[in-house]
2 protein chains.
Amino acid sequence: MATIYEVAKLAGVSPATVSRVFNGAGVSVEKVAAVREASRELRFTPSRAARTLRKQSAEVIALIIPDIENPYFTELARGVEDVAQSAGYSVVLCNTDSDLEKETTYLQIALSENMAGVILAPASDKSDLDDILTAGRPVVTVDRQTDYDTDRVIMDNFRAGKAATENLVRTGFRRIACITGPQDVETAYERADGWRAILRQRLPDLDPDELLRYSTFRVDGGREAMEDLLALPEPPDSVVASNNLLGVGAIQVLTEHGLTPPAFGVSVVGSLPFTTLSPSAVTVVRLPARHMGVTAATQLLERIAGDHQPARTVVLPSSLESATAARTS
Amino acid sequence: MATIYEVAKLAGVSPATVSRVFNGAGVSVEKVAAVREASRELRFTPSRAARTLRKQSAEVIALIIPDIENPYFTELARGVEDVAQSAGYSVVLCNTDSDLEKETTYLQIALSENMAGVILAPASDKSDLDDILTAGRPVVTVDRQTDYDTDRVIMDNFRAGKAATENLVRTGFRRIACITGPQDVETAYERADGWRAILRQRLPDLDPDELLRYSTFRVDGGREAMEDLLALPEPPDSVVASNNLLGVGAIQVLTEHGLTPPAFGVSVVGSLPFTTLSPSAVTVVRLPARHMGVTAATQLLERIAGDHQPARTVVLPSSLESATAARTS
DNA sequence: CTGAAAGCGCTAACAA
DNA sequence: TTGTTAGCGCTTTCAG
């Protein structure tokens, strides 16, 4: 690769002038033209490594997520990417597999690469942000929170859980189970709390503990929990799945048992990815994944630009998508 | 962040020695201990930016894909990631939206960041690899090919298309349509060629041109094409979808028309992501996405390590997953 | 085994 | 507006 010095020599200017041309400072038109010409000729691309070292900051933001194969997070990533891209930042996508150790490694890398900031969907509430925060790098958490005082973008999980459940009650279901994620993940227990609240209010005779299953936020987790629920002495007539993959797993098992929705009520928090079901068969409480990514990226860029106001928490609303499912059995 | 000099001072050694400790060169045990101790105390992490500048190469590989929201590519990404990770390399995931301009931008960034190598799923066969290849950076293409002389990992699309079609014939379907991707994308036309070959051989009375639809490799593309096929004077009784998202779109439309598989034959090249259908309803020719990622990453790492043998092309096999679907209508 | 010192390519004072 | 120059933090000869 050609360097700034070679370009300078060819263009008959100083290296500083070449740098200025590429950074939008005041340079006379003739010299700009000469530099551009020389750059083209030498196929010059400025070295980002040198720039990063010198500026102590790279135009890169890290997006750290627990599961790259979950469409919810790829949708979020799209939001982040679009905003970052148009501001001239690259996004490095890091996959933690919900593993705290991997998460810590990636945070170290972000630091050691001098990345401008981090958007983190925490693997759990025990994330260690000490180093990155004391280094003064901005961090925005998404989807879940931590105990640190950072910007966050979350959604109203409790309401989402309530809405999903309420709709099943309204449709006429009377024995509503719930499958949710790990007990120590806030999106999991908050959505379950929403379900519990509606049960208490509308179906007080039900025993929530009997009908609730904690699981992983994965398809096989949904499958296992659904099997378990169907094996109950008095099985449920409907289920709230607290995320997209759990919903897929539950519906798979139901289908295998001949209990196709909407005969068996299914309500999913988060949209069903690539569903082949007819849209009215399942209640979906849509989560604003893309929007969450856009919001987080925007906030992060503001911080990078030097915004120092106190940490903000943005709560995004969810929306009931198909409230019209009618009971057909 | 602490630097190597501060660590050196605290440990009572020279900066060079600190560097050696972190790079596995010969240093006496006492000094190693002193350096480690000092590093811990100062929370020292070596600056990758400086290292990259000095070594003219970063331990980062770029993975450039056309659609991050397609589970096929995220699965591929997982394969790449796992191999890279265990070799101490980070992966930067770049999303081109099948846009050649974005692809070129990302290739420039890879160069300008001194990344060690690139794994590219080309947006089309017109990708421009001139710069990156003349710079001597190794490139492995996956999924699709280019005209450049690089390593590649592809699969046998023609056979996959044949297998998907053949299975429908065997099941008893007699009017088999095909929905495939853009006409200039090799995975699209090769799979369609497989379909055409079986038609010619087993159902020579059919007019392939009437039953073939080129589209985008996206859900809405599958929907449109399927609608179009169903509106034919003499509609098909079955369809081959040449990728996962097309399959989803086609099945959605079929379901809306009351033509649920397996009554209407559906064969998909690439697995149905997060399907809620019963497994026997649809024929799936599974593509080795993860394996492809693993293979590509392994090859790339070999090149990075200095392997200079002539370019290799690895062709991965696909596998028929549910050949047992019986016609039930 | 260890240290001194040069230099990777760029940016930003400072001077002119 | 332009050039000179120091230095970002690391690795790597070269001496010792």
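Just so it is clear: chains get the letters A, B, ... in the order the sequence lines come, proteins before strands, and each one is counted from 1.
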- Query: Under the side-chain contact (heavy atoms from CB on, under 4.5 Å) test, which residues partner T105(B), sequence neighbours left out?
  - Reply: I109(B)
- Taking salt bridge (Lys or Arg N to Asp or Glu O under 4.0 Å) as the test, write out the residues that go with D151(B), two or more places apart. R303(B), R312(B)
- Note on the structure: Contacts of E69(B) meeting side-chain contact (heavy atoms from CB on, under 4.5 Å) (sequence neighbours excluded), chain-then-number -> T74(A), E75(A), R78(A), D67(B)
- Query: Can you list the residues that meet the salt bridge (Lys or Arg N to Asp or Glu O under 4.0 Å) rule with E186(A), with sequence neighbours excluded?
  - Reply: none
- Message: Taking any heavy-atom pair under 4.0 Å as a contact, classify F44(A): base, sugar-phosphate, or nothing.
- Response: sugar-phosphate
- Task: Could you give me the CA-CA distance, side-chain angles and deciding distance for D147(A) and K126(A), then say whether salt bridge (Lys or Arg N to Asp or Glu O under 4.0 Å) is met?
- Result: CA-CA 8 Å; D147(A) 292 337; K126(A) 293 172 204 66; over 6 Å; no
- Task: Output yes when a side-chain donor or acceptor of S112(B) lies under 3.5 Å from a complementary backbone atom of P46(A), and no otherwise.
- Result: yes
- Query: What's the spacing between N95(B) CG and L93(A) CG if we round to 0.5 Å?
  - Reply: 9.0 Å
- Carboxylate-amine/guanidinium contact K102(B) D97(B), below 4.0 Å: yes
- Item | Members of residues 7-20 of chain B that approach DNA chain C, where some heavy atom sits under 4.0 Å away | V13(B), S14(B), A16(B), T17(B), R20(B)
- Apply the test salt bridge (Lys or Arg N to Asp or Glu O under 4.0 Å) to residues R48(A) and E59(A): give CA-CA distance (whole Å), side-chain angles for both, the deciding distance (0.1 Å), then the verdict. CA-CA 9 Å; R48(A) 290 189 167 216; E59(A) 272 137 7; 5.2 Å; no
- Task: Quick one: pull up CG in L120(B) and CG in L107(B) and give me the separation to the nearest 0.5 Å.
- Result: 6.0 Å
- Query: Start at the 5' end of DNA chain D and walk down; is the nucleotide closest to T3(B) or to G26(A) reached first?
  - Reply: G26(A)
- Taken in chain and number order and not counting sequence neighbours, the residues that satisfy side-chain contact (heavy atoms from CB on, under 4.5 Å) with T216(A) are R218(A), D220(A)
- Query: Does the ring centre of F73(A) sit less than 6.0 Å away from the ring centre of F217(A)?
  - Reply: no
- Item | Of residues 47-58 of chain B, the positions that come close to DNA chain C - non-hydrogen atoms, cut-off under 4.0 Å | L53(B), R54(B), Q56(B)
- Task: Check DNA chain C against residues 110-118 of chain A and give the residues with a non-hydrogen atom under 4.0 Å, in numerical order.
- Result: none
- Query: Nucleotide range of DNA chain C contacted by chain A, 5' to 3', under 4.0 Å to a heavy atom?
  - Reply: dG9(C) to dA13(C)
- Query: Taking only residues two or more places apart in sequence or in another chain, which ones pass salt bridge (Lys or Arg N to Asp or Glu O under 4.0 Å) with K9(B)?
  - Reply: none
- Message: Quiz question: by atom type and distance under 3.5 Å, do the side chains of E103(B) and S127(B) form a donor-acceptor pair?
- Response: yes
- Query: Can you list the residues that meet the side-chain contact (heavy atoms from CB on, under 4.5 Å) rule with T52(B), with sequence neighbours excluded?
  - Reply: A49(A), A58(B), N114(B)
- Query: Per the end-axis method with five pairs at each terminus, what is the bend angle of the helix from dC1(C)-dG16(D) to dA16(C)-dT1(D), to 10°?
  - Reply: 30°
